[in-house]
Each structure stands twice: as structure tokens, then as C-alpha cells.
Number of protein chains: 2
Amino acid sequence: MAIHDVECCDDFEVHSDVVQAVRSHMPDDDDLYDLAELFKVFGDSTRIRILYVLFESELCVCDIAQLLNMTQSAISHQLKILKQSRLIKSRREGKSVFYSLADDHVYRIINQGFEHIKE
Amino acid sequence: MAIHDVECCDDFEVHSDVVQAVRSHMPDDDDLYDLAELFKVFGDSTRIRILYVLFESELCVCDIAQLLNMTQSAISHQLKILKQSRLIKSRREGKSVFYSLADDHVYRIINQGFEHIKE
DNA sequence: TATTCATATGAATATCTGTTCATATGTTCA
DNA sequence: TGAACATATGAACAGATATTCATATGAATA
């Protein structure tokens, strides 16, 4: 049976070769959920900007707040989300807490995204 | 002046070397906004799952709806968003409309994401 | 042309999310 | 210890968003 030599959208479709193939190659629902959650973290311009300023150097909360012209509280809330997603890590130095990128996955993911929007 | 040999969080901080360096390396706000918008599209498990089923083969709307066990309307709404972001393309064949991935950026972006969650 | 099938779409709704505000926690230093 | 500074956090509110429902559009066929 050729790839699309099937009636589309009747109930038999569920048993076609293509649909069966798709089913067998799908990752676990949990993984797909986690993946969406990860991209959701990148899907906010405040968090993207935070990640970008951390590309250059580790920074403390108030530095980031000043750079992005936002309140300390707003930044702190977003840093928490970024940290929970293991995209950034923190280090306390006296009263300040310095944040930095957790690893270079952040780099790669953002760069791939950039390539897409630059078409 | 050493990297962190500056008083953190007073107003002079804005003029420090590091902060100046960060400022000069930031992309345009428009690009950062677009980037966040792109990741926002990936940040929904329905859309992620749609992209995944399209990895295997082009599919029509009702096929996708059946595979994901969702209504045709819900899928159609999400396909519109994916298409507006140029992540998928469509082709009409009679009554059906077949959707497929626009290019391999989708692949790469999702794979980078997967690497992160699989640590 | 009328009917049926496949898809698209607008409005409504419920849920989610980011920021603000007030305040708590934690650290340094006098 | 107490004051000042840096950060974290909970509650509340406003804005965004995914799904549902009803219906419109578009295409094939009898």
C-alpha cells in the first residue's frame, strides 16, 4: 500500500502503515511534557534576556535587574524558574548571589533558535 | 580593576566593565522578542507532539487529531500557530490538507532540548 | 446542485503566567 | 545586637493562552 493510498480521516486510518509507524517512534509522554516545559522557560523575553546577559559573565541579581531595567523581585522570580530548569546555577558571595549559565546547552539551544528567526 | 572587584548593587555598578561589556554584546530587543516568541511555540506539549508526529511523515489534520487523541478543532488551531512561525508547511490534496515540517531547524532545536532533559 | 466530508475560524471560558507589592530571610558590619 | 543591604518569596492582579463549541469555508461526489 503506497504511503498515502489510504482514505484520509475515516476510522480505518488509525491502522494505516504511516500512523502505526508514527506511534512506534513517539517518545514517552513524560519526555514530551518535559520538553515542552523546557521550551516554555525559553519562551519569555525576560528570561531570554537574563540568559543573554549571563552569556558574557556571571552577574548578581541587582546587576541583572539594572541591565534589564526591571525590579529586583521580578528578576528574582525568573531566576528561580531558570534555576529549577537547571539552566543556571548560583553562588553566594557575602550578601550577593551570583548567577551563571549551568552549561553550554543553553548556548546551543538559543543559537539554534536564532538561526531560525534569521532566515 | 578585577572582574568582581566592584561594589555590587550600588548605582556605580552600571558603569563597571562587566556591565558595559554585556550591554555592548546584547542583540536587538526585537530579535530577543522574536526568539522568545519562537520558543513559546515549542513550549506547549500539544505543539511538540504535533511536530513529533510530523518527524515521521506528512499527515493530514484528522490523522494528527487521531494520533494525539484530540479534537480536529484544537489541532487546527495549533497547526495555524505552527505555520505562522514557519515551522510547518501545508499542501492541499482534495479535501485533505497535509502538513509537514518546514525545514530541519525544527529537528535541531528539539534535539538540543532533548539533550538537556536527558541529563 | 445538494450533500457529505475535511478543515478553518471566531467567540467564550477556564487556566496559566509574569509582574507588583509587601515582607521575610540571610549576610555584613558598626 | 541592631541597622543596612541583597535576595527570596507569597499573595494578588492583569494579561495571555489552549480548548471547546458552533459554524463557516472549501472540495469531491452523487
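Because only heavy atoms are used, hydrogens play no part in the values below, and waters and symmetry mates are left out as well, while side chains stay in. Every chain is numbered from 1, with letters handed out A, B, ... down the list of sequences.
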For residues 40-49 of chain B, dump all side-chain donor-acceptor pairs below 3.5 Å to protein atoms at least two apart in sequence or in another chain.
| unit_1 | atom_1 | unit_2 | atom_2 | d |
| --- | --- | --- | --- | --- |
| B/K40 | NZ | B/E37 | OE2 | 3.1 |
| B/D44 | OD2 | B/T46 | N | 3.1 |
| B/D44 | OD2 | B/R47 | N | 3.1 |
| B/R47 | NE | B/V41 | O | 2.7 |
| B/R47 | NH1 | B/Q78 | OE1 | 2.7 |
| B/R47 | NH2 | B/K40 | O | 3.1 |

Just how large is the angle between the end axes of the helix from C/dT1-D/dA30 to C/dA30-D/dT1, five pairs per end, to 10 degrees? 10°

Return all side-chain donor-acceptor pairs below 3.5 angstrom for residues 112-119 of chain B, not counting sequence neighbours, or 'none' if the list is empty.
| unit_1 | atom_1 | unit_2 | atom_2 | d |
| --- | --- | --- | --- | --- |
| B/H116 | ND1 | A/H105 | ND1 | 3.4 |
| B/H116 | NE2 | A/S85 | O | 3.0 |
| B/E119 | OE2 | A/H105 | ND1 | 3.1 |

Among residues 27-48 of chain A, which residues get a heavy atom nearer than 4.0 Å to DNA chain C? A/K40, A/D44, A/T46, A/R47

Could you tell me which residues satisfy ring-ring contact (aromatic ring centres under 6.0 Å, His included) with B/Y99, sequence neighbours excluded, listed by chain and number? none

Not counting sequence neighbours, which residues clear side-chain hydrogen bond (donor to acceptor under 3.5 Å, both in side chains) with A/K80? List them please. none

Going from NE2 on A/H25 to OG on B/S57, what distance comes out if it is rounded to the nearest 0.5 angstrom? 11.5 Å

Can you measure B/I75 atom CD1 to D/dT20 atom C1' for me and round it to whole angstrom units? 13 Å

Test side-chain contact (heavy atoms from CB on, under 4.5 Å), reference A/I50, set A/I81, A/L59, A/I75, output is A/I75

Atom-pair distance (CD on A/Q66; C1' on D/dC5), nearest Å: 14 Å

On a heavy-atom basis, which atom in B/S24 and which in B/A21 lie closest, and how many Å separate them? OG-O, 2.8 Å

Any residue of residues 77-90 of chain A with a heavy atom less than 4.0 Å from an atom of DNA chain D: A/H77, A/K80

Report yes if the side chains of A/D28 and A/Y33 come closer than 4.5 Å at any heavy-atom pair, otherwise no. no

Sequence neighbours excluded - ring-ring contact (aromatic ring centres under 6.0 Å, His included) pairs with any residue from residues 58-83 of chain A: none

Can you check whether A/G94's main-chain N or O pairs, donor with acceptor, with A/R92's side chain at less than 3.5 Å? yes

A/L59 CG to D/dT7 P, straight-line distance once rounded to whole Å: 11 Å

To the nearest angstrom, how far is A/E58 atom CD from D/dA6 atom P? 17 Å

Run the side-chain hydrogen bond (donor to acceptor under 3.5 Å, both in side chains) test against A/K83 and tell me which residues pass, sequence neighbours left out. A/S90

Using whole Å, what does the distance between atom C1' of nucleotide D/dA6 and atom CZ of A/R91 come to? 14 Å

List in numerical order all residues of residues 67-74 of chain B for which some heavy atom is under 4.0 Å away from an atom belonging to DNA chain C. B/Q72, B/S73

Pairing residues for B/D104 by the side-chain hydrogen bond (donor to acceptor under 3.5 Å, both in side chains) criterion, not counting sequence neighbours: B/R108

List the protein contact pattern of nucleotides 24-30 of chain D with one symbol per nucleotide (5' to 3'): B for base contact, S for sugar-phosphate-only contact, - for none; contact means a heavy-atom distance under 4.0 Å. --BBS--

CD1/B/I64 to OG/B/S76 distance, rounded to the nearest 0.5 angstrom? 9.5 Å

When rounded to the nearest 0.5 angstrom, what is the spacing between CG in A/N111 and CG in B/L35? 9.0 Å

Taking every heavy atom of A/C60 against every heavy atom of A/F98, the minimum-distance pair comes out as N-CD2, 3.6 Å

